[in-house]
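These notes concern the structure reproduced below.
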Amino acid sequence: LDFGNSMAVPKLVVYDGTRQQAFVSNSSLNEVDVFSTATHQRTATIAVPYPFGIDMSADGTTLYVGTFSDFLYVIDPQQLVVTGRVSFALPLQPGESAVVNNPGAVATLSNGNVMLLMEVATETFSGFGSGASLVIWNPTANQIVGTIPTSYPAIGPIARSADHSKVAFTYQLQGGNGTTVTLYDVATNQSINGVYLGGGVPYALALNSNGSEVAVSGGQALQTFDNQ
């Protein structure tokens, strides 16, 4: 694909099957690029500062773009324009000189909610701090309505099933020592865990269409799980 600029650094992509187009987050150019999957040509660029995670709502009407800033962007996939910007900025606490709350990774759910990987970075007079969490955000109410239990702060990657009913995530930890892999069920709001023993740090996840199977790779092996 031709991004029209040698400085382009594409990050993540989501496919819009209804309109035969792909949306690609391009963090180095502060834009989301749109490509026709029929012609393989770029059809539009949408300005979004520091984009990273990207996903389409289950009904195909809304595109959500996570960023390396305090904001989540909302895009109309038909008109190809930004229709909203949601702030997750946190107030400074005593002793803090700066804080950034990134909704970096995005997974849209079958019930209309959105799972967000929130990464918080703080600066104090004595140094820097960071943390991460997985939250459930309701777009209609613009409220965080839940938090997913996690085992470690180094969360990621995350991936969802094609029907938006399941989300899997793991951690950036050495897989040879046993890294937890979690499968979240949207309908029950419950999670089950497995252990990745394939070696290396897990960097890729994939689910089948209904989330009944999960594949994890750390570069040295591919391990599969079912949802039992």
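Below, each value reflects all heavy atoms present in this structure, side chains not excepted, and no hydrogens, waters or symmetry copies.
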Point to revise | Audit row: Leu183, Phe225, side chain to side chain contact (heavy atoms under 4.5 Å, CB included) steps and yes/no | key: CA-CA 10 Å; Leu183 183 67; Phe225 303 83; over 6 Å; no
Check: [Y] main-chain N/O paired with [X] side-chain donor or acceptor under 3.5 Å:
{"X": "Gln223", "Y": "Leu197", "value": "yes"}
{"X": "Asn208", "Y": "Glu213", "value": "yes"}
{"X": "Ser25", "Y": "Leu12", "value": "yes"}
{"X": "Gln172", "Y": "Gly156", "value": "yes"}
{"X": "Asp70", "Y": "Asn101", "value": "yes"}
{"X": "Thr147", "Y": "Val135", "value": "no"}
{"X": "Thr37", "Y": "Gln20", "value": "yes"}
{"X": "Ser28", "Y": "Val9", "value": "yes"}
{"X": "Thr108", "Y": "Met56", "value": "yes"}

Count I, L, V, M, F, W, Y as connected when their side-chain heavy atoms are under 4.5 Å apart, and connections chain through other members. Are [X] and [Y] then in the same cluster?
{"X": "Leu207", "Y": "Val216", "answer": "yes"}
{"X": "Phe68", "Y": "Phe23", "answer": "yes"}
{"X": "Ile54", "Y": "Val106", "answer": "no"}
{"X": "Val34", "Y": "Val13", "answer": "no"}
{"X": "Ile158", "Y": "Tyr152", "answer": "yes"}

Donor-acceptor contacts under 3.5 Å from residues 72-83 side chains, at least two apart:
residue : atom : partner : partner atom : Å
Asp76   : OD1  : Gln78   : N            : 2.8
Asp76   : OD1  : Gln79   : N            : 3.1
Gln78   : OE1  : Arg19   : NE           : 3.0
Thr83   : OG1  : Val74   : O            : 3.4

Of all heavy-atom pairs between [X] and [Y], which one has the smallest distance, and what is that distance?
{"X": "Ser110", "Y": "Ser165", "answer": "OG-CA, 3.9 Å"}
{"X": "Val65", "Y": "Pro51", "answer": "CG1-CB, 3.8 Å"}
{"X": "Gln21", "Y": "Tyr15", "answer": "O-CD1, 3.5 Å"}
{"X": "Ala215", "Y": "Leu222", "answer": "CB-CD1, 4.0 Å"}
{"X": "Ala204", "Y": "Pro157", "answer": "N-CG, 4.0 Å"}
{"X": "Asp163", "Y": "Asn210", "answer": "OD2-CA, 3.3 Å"}

**Study point:** Pair Phe169-Ile148, side chain to side chain contact (heavy atoms under 4.5 Å, CB included): steps then yes or no
**Key:** CA-CA 11 Å; Phe169 61 92; Ile148 307 302; 4.0 Å; yes
Check your understanding: Any chance the side chains of Asn193 and Ser191 put a donor and an acceptor closer than 3.5 Å?
Key ->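 Judged by distance alone, the side chains do not pair up.
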Rounded distance (nearest 0.5 Å) linking atom [atom1] of [X] with atom [atom2] of [Y]:
{"X": "Gln143", "Y": "Trp137", "atom1": "CD", "atom2": "CH2", "value": "11.0 Å"}
{"X": "Phe88", "Y": "Ser69", "atom1": "CZ", "atom2": "OG", "value": "10.5 Å"}
{"X": "Asp16", "Y": "Leu63", "atom1": "CG", "atom2": "CG", "value": "8.0 Å"}
{"X": "Thr45", "Y": "Leu29", "atom1": "OG1", "atom2": "CG", "value": "9.5 Å"}
{"X": "Arg42", "Y": "Asn26", "atom1": "CZ", "atom2": "CG", "value": "8.5 Å"}
{"X": "Thr62", "Y": "Tyr64", "atom1": "OG1", "atom2": "OH", "value": "4.5 Å"}

Under 3.5 Å, side-chain donor or acceptor atoms of residues 111-121 against the rest of the protein: list the pairs with distances, not counting sequence neighbours.
residue : atom : partner : partner atom : Å
Asn111  : OD1  : Asn113  : N            : 3.0
Asn113  : OD1  : Asn138  : ND2          : 3.0

Exercise for review: Take atom OH of Tyr50 as the centre, draw a 6.0 Å sphere, and report whether it contains more than 12 heavy atoms from other residues, nucleotides or ligands.
Suggested key: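 Not more than 12 within 6.0 Å, no.
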Practice item. Go through the steps for Ser27 and Phe52 under the test side chain to side chain contact (heavy atoms under 4.5 Å, CB included), then give the verdict. Key: CA-CA 6 Å; Ser27 58; Phe52 184 64; 6.0 Å; no
Review point. Going by heavy atoms in the side chains, are Ser217 and Tyr203 under 4.5 Å from each other?
Key: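 Yes, side chains in contact.
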Review point. Ring centroid separation for Tyr171 and Tyr196, is it under 6.0 angstrom?
Key: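 No, ring centres 6.0 Å or more apart.
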Practice item. For Asp185, check salt bridge (charged side-chain N to carboxylate O under 4.0 Å, His left out) against everything at least two apart and list the hits. Key: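 With neighbours one apart ignored, the set is Lys166.
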